[in-house]
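Protein chains get the first letters and strands the later ones, always in sequence-line order, with residue 1 at the start of each.
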Number of protein chains: 2
Amino acid sequence: MPVARNAPPPSEAPPGQRAVTMETVGRLAGVSQVTVSRALNDPKKVSPETLRKIQEAIAVTGYVPNALAGALASRRSKLVAALVPSLTNVVYSSMIKSLSDTMRDGHYQIMLSETGTDPAQEEELIATHLSRRPDAIVLTGIHHTANARRMLLGAGIPVVELWDITDSPIDLCVGFSHSETGRAAARYALDRGYDAAAAISAGDERALRRMSGFADLWTERTGQSVPSEVFAPSSTLADGRTGLARLVDTHGLRRGVIHCSSDVLAHGVLTEAAARGLRVPEDIAVIGFGDQDMAAHTYPALTTVRVDRSELGLQAAKAILARFEGKDIPPVTDLSFSIIARDSA
Amino acid sequence: MPVARNAPPPSEAPPGQRAVTMETVGRLAGVSQVTVSRALNDPKKVSPETLRKIQEAIAVTGYVPNALAGALASRRSKLVAALVPSLTNVVYSSMIKSLSDTMRDGHYQIMLSETGTDPAQEEELIATHLSRRPDAIVLTGIHHTANARRMLLGAGIPVVELWDITDSPIDLCVGFSHSETGRAAARYALDRGYDAAAAISAGDERALRRMSGFADLWTERTGQSVPSEVFAPSSTLADGRTGLARLVDTHGLRRGVIHCSSDVLAHGVLTEAAARGLRVPEDIAVIGFGDQDMAAHTYPALTTVRVDRSELGLQAAKAILARFEGKDIPPVTDLSFSIIARDSA
DNA sequence: CTGAAAGCGCTAACAC
DNA sequence: GTGTTAGCGCTTTCAG
């Protein structure tokens with residue numbers, strides 16, 4: 001089955017060479033095309049003998065089913081669309097991994113795309129994905145354009161809003177309250193007896209809500225304002241370092257606890273603290289968010305807010321699967337979170 | 001366009017409600033179905049007046065094209081499959097991001113899946129992806145099962161092997177020599193005057209090849225052996241810390257340069273060194289691999305091997321696009337790499 | 001257990 | 001410019 005190297009069809013022509021079809025396989029096995037279809041989708045509906053012949057024909061021809069045709073005919077694509085703000089952020093990709101692993105067990109495949117933080121771009125990607133006729137779609141967050149909502153509803157498939165929570169989901173919602181994570185962090189810091197606070201946050205809407213949760217509760221309880229540094233939506237170690245540097249150099253921060261909207265930012269703060277010879281947590285204390293793998297292994301180990309991303313992905317998958325089976329399930333799942341006390345605060 | 005909440009069709013029934021088709025849109029606009037198709041795919045072939053009417057009908061009905069049907073009829077799916085060992089490893093996802101961004105400009109969508117490090121699992125995923133009839137496929141690395149190669153060749157589409165290099169690619173290859181990165185790191189360390197070396201590596205085949213490159217050259221030049229610690233294929237900060245701990249505690253390493261198969265492992269080594277009060281690079285020096293974003297911002301800043309992952313993704317995309325246009329292009333692109341000297345070695 | 005017929009919703013010729 | 005006719009490669013339904 002050789003293929004000409006470097007001699008593809010021109011763009012106008014279809015890319016694939018004429019592929020082997022069920023028809024061909026059937027002819028070779030001496031049966032009709034439908035029988036091949038049955039052999040593949042429900043082998044017990046076919047006699048052992050013909051099944052064997054068909055499998056042989058498949059092996060000989062190197063037949064690969066055309067899922068496009070299958071999906072068109074059956075109106076079921078076995079595809080689940082998933083949209084995340086960033087492909088390179090483990091916070092999302094670890095969630096998608098667990099979603100993906102669970103859906104794979106049900107023979108569903110994930111179609112993943114990156115939306116950035118702009119709802120308009122998300123809307124565009126929703127349209128593209130919907131055109132592939134997924135059997136379900138997973139979105140990150142609860143803010144979408146009006147038009148996106150219309151399209152989603154019109155698609156008539158399960159829609160999961162992941163990684164945030166609302167009382168009025170489009171369809172299903174699996175997440176937690178971002179502002180509550182911030183408030184919980186503030187309570188923790190207060191309990192620990194810190195008497196000054198600052199915040200470093202990524203610039204996306206949810207990160208800002210986490211920060212506000214922290215700052216609001218802190219201010220309510222202490223009357224103090226909380227100086228803050230805000231960076232781009234994708235937080236980096238470098239931003240964390242810069243954040244601490246600015247807090248110290250321009251806000252005159254000398255001591256206290258710093259709330260970071262992600263573990264990566266927190267890691268950056270730890271790094272800058274080490275570079276400056278500041279002691280953690282004696283001089284400055286640090287609270288992260290996410291409980292990424294590295295959080296337990298930074299020096300000092302990072303105190304952070306754990307959200308179980310695997311569980312989020314899993315619950316989303318379970319909700320979708322339940323829907324496929326026609327089960328009536330609660331539309332919103334609040335997975336909550338917890339504070340993991342380690343050494344940095 | 002309301003949809004019943006929590007009242008989906010049972011699993012046996014098709015998931016989507018009967019969707020609006022071009023037929024419907026056409027009827028509403030007072031034209032035939034083909035005209036709608038033209039209006040969407042090549043608007044200038046349609047009179048401004050009917051175009052307007054069609055667009056209105058589309059807006060009214062909330063029509064979303066069925067790309068499944070389109071792909072089946074046109075034999076072009078506008079889909080590019082991409083398989084990576086890990087979804088959560090930035091090394092791969094940053095490459096895929098640039099691939100994805102570039103392909104999107106050509107209106108191609110990426111179908112991404114995670115293969116792990118087992119060729120058999122990769123083979124299975126190749127089959128699944130091929131059944132969706134992508135217009136091209138991108139694989140990570142150059143080692144694939146014989147059966148996978150057969151299927152790939154039989155598909156008659158461009159196949160890119162990314163992130164490694166070989167003289168005999170299945171079709172196209174964009175990457176660099178892993179063993180050479182290790183040798184280059186060893187040369188750098190020798191030039192800097194280090195007189196002892198060790199290595200920490202992830203357990204996957206390519207990481208081991210990087211380590212061997214380092215160790216082999218080091219031994220050739222100095223006659224010294226290179227003690228090493230090998231971990232699981234997915235390297236973590238924790239592994240880096242453990243690695244240094246073992247090198248020190250059980251191999252009795254007191255000084256020298258440590259080659260790490262990834263920046264994450266190297267970061268772990270820096271962390272453990274800080275925790276133990278070891279000076280970097282005076283006591284132990286560290287060389288990473290990958291030049292991730294954080295590498296320039298660790299403390300001390302990480303000396304590492306830079307591979308331009310965006311460029312790799314971009315070149316892969318360009319090669320695919322060139323193929324689509326029928327251009328005759330060189331099958332293998334060696335992107336090389338460079339040593340970035342910072343403070344850790 | 002197997003087959004024939006009728007689409008799924010679209011694009012690709014080919015007419016007019 | 002627009003419509004008609006055939007499929008694309010499957011699944012579904014109905015026969016037998």
Side-chain angles (χ1 to χ4, degrees), chain A residues 9 11-27 29-54 58 61 63-79 130-133 135 155-156, chain B residues 9 11-27 29-54 58 61 63-79 130-133 135 155-156:
Chain A
S11 137
E12 302 311 320
Q17 55 195 54
R18 183 159 236 85
V20 180
T21 69
M22 281 186 174
E23 189 64 50
T24 319
V25 172
R27 205 146 35 207
V31 295
S32 81
Q33 172 265 123
V34 265
T35 306
V36 178
S37 173
R38 287 195 189 99
L40 258 32
N41 298 318
D42 203 351
K44 17 179 200 246
K45 286 194 168 178
V46 165
S47 84
E49 173 58 7
T50 53
L51 187 58
R52 198 193 47 68
K53 277 193 274 186
I54 288 172
I58 288 177
T61 54
Y63 170 70
V64 176
N66 186 329
L68 254 27
L72 183 61
S74 68
R75 297 158 153 290
R76 220 179 291 106
S77 64
K78 289 281 178 178
L79 229 45
L130 251 25
S131 77
R132 307 265 178 203
R133 293 296 187 268
D135 293 340
Chain B
S11 140
E12 303 311 320
Q17 55 195 57
R18 182 159 236 82
V20 181
T21 69
M22 282 187 173
E23 189 65 48
T24 319
V25 172
R27 204 146 36 208
V31 295
S32 81
Q33 172 265 122
V34 267
T35 306
V36 178
S37 172
R38 287 193 188 101
L40 257 31
N41 298 318
D42 202 351
K44 16 178 203 254
K45 284 192 170 181
V46 165
S47 84
E49 173 57 8
T50 53
L51 187 57
R52 198 192 48 68
K53 277 193 274 186
I54 289 172
I58 288 177
T61 54
Y63 170 70
V64 176
N66 186 328
L68 254 28
L72 183 61
S74 68
R75 299 159 152 291
R76 220 180 289 108
S77 64
K78 288 281 176 180
L79 229 45
L130 251 25
S131 77
R132 306 267 178 200
R133 294 296 187 268
D135 293 340

Closest of dC10(C), dG3(C), dG3(D) to the A73(B) side chain is dC10(C)
Q33(A) atom CD is separated from dA5(C) atom P, nearest whole Å, by 13 Å
To the nearest angstrom, the CZ-C1' distance between R38(A) and dT2(C) comes to 6 Å
Considering only heavy side-chain atoms of Y63(A), the closest of dC10(C), dG3(C), dC10(D) is dC10(D)
Among dG3(C), dG9(D), dT5(D), the one nearest any side-chain atom of N66(A) is dG9(D)
*Are the side chains of L40(A) and Y63(A) in touch, meaning some heavy atoms are under 4.5 Å apart?*
yes
The nucleotide from dG3(C), dT4(D), dT11(C) with an atom nearest the side chain of S37(B) is dT11(C)
Could you tell me whether the phosphate oxygens of dC8(C), OP1 or OP2, come under 4.0 Å of any side-chain nitrogen or oxygen in S74(A)? no
Here the distance between atom C1' of dC10(D) and atom CE of M22(A), to the nearest Å, is 6 Å
To the nearest angstrom, the CZ-C1' distance between R132(A) and dC10(C) comes to 14 Å
From CG of D135(A) across to C1' of dT11(D) the rounded distance in Å is 15 Å
Among dC8(C), dA13(C), dA5(C), the one nearest any side-chain atom of L72(A) is dC8(C)
R76(B) CZ to dA12(C) P, in whole Å, measures 6 Å
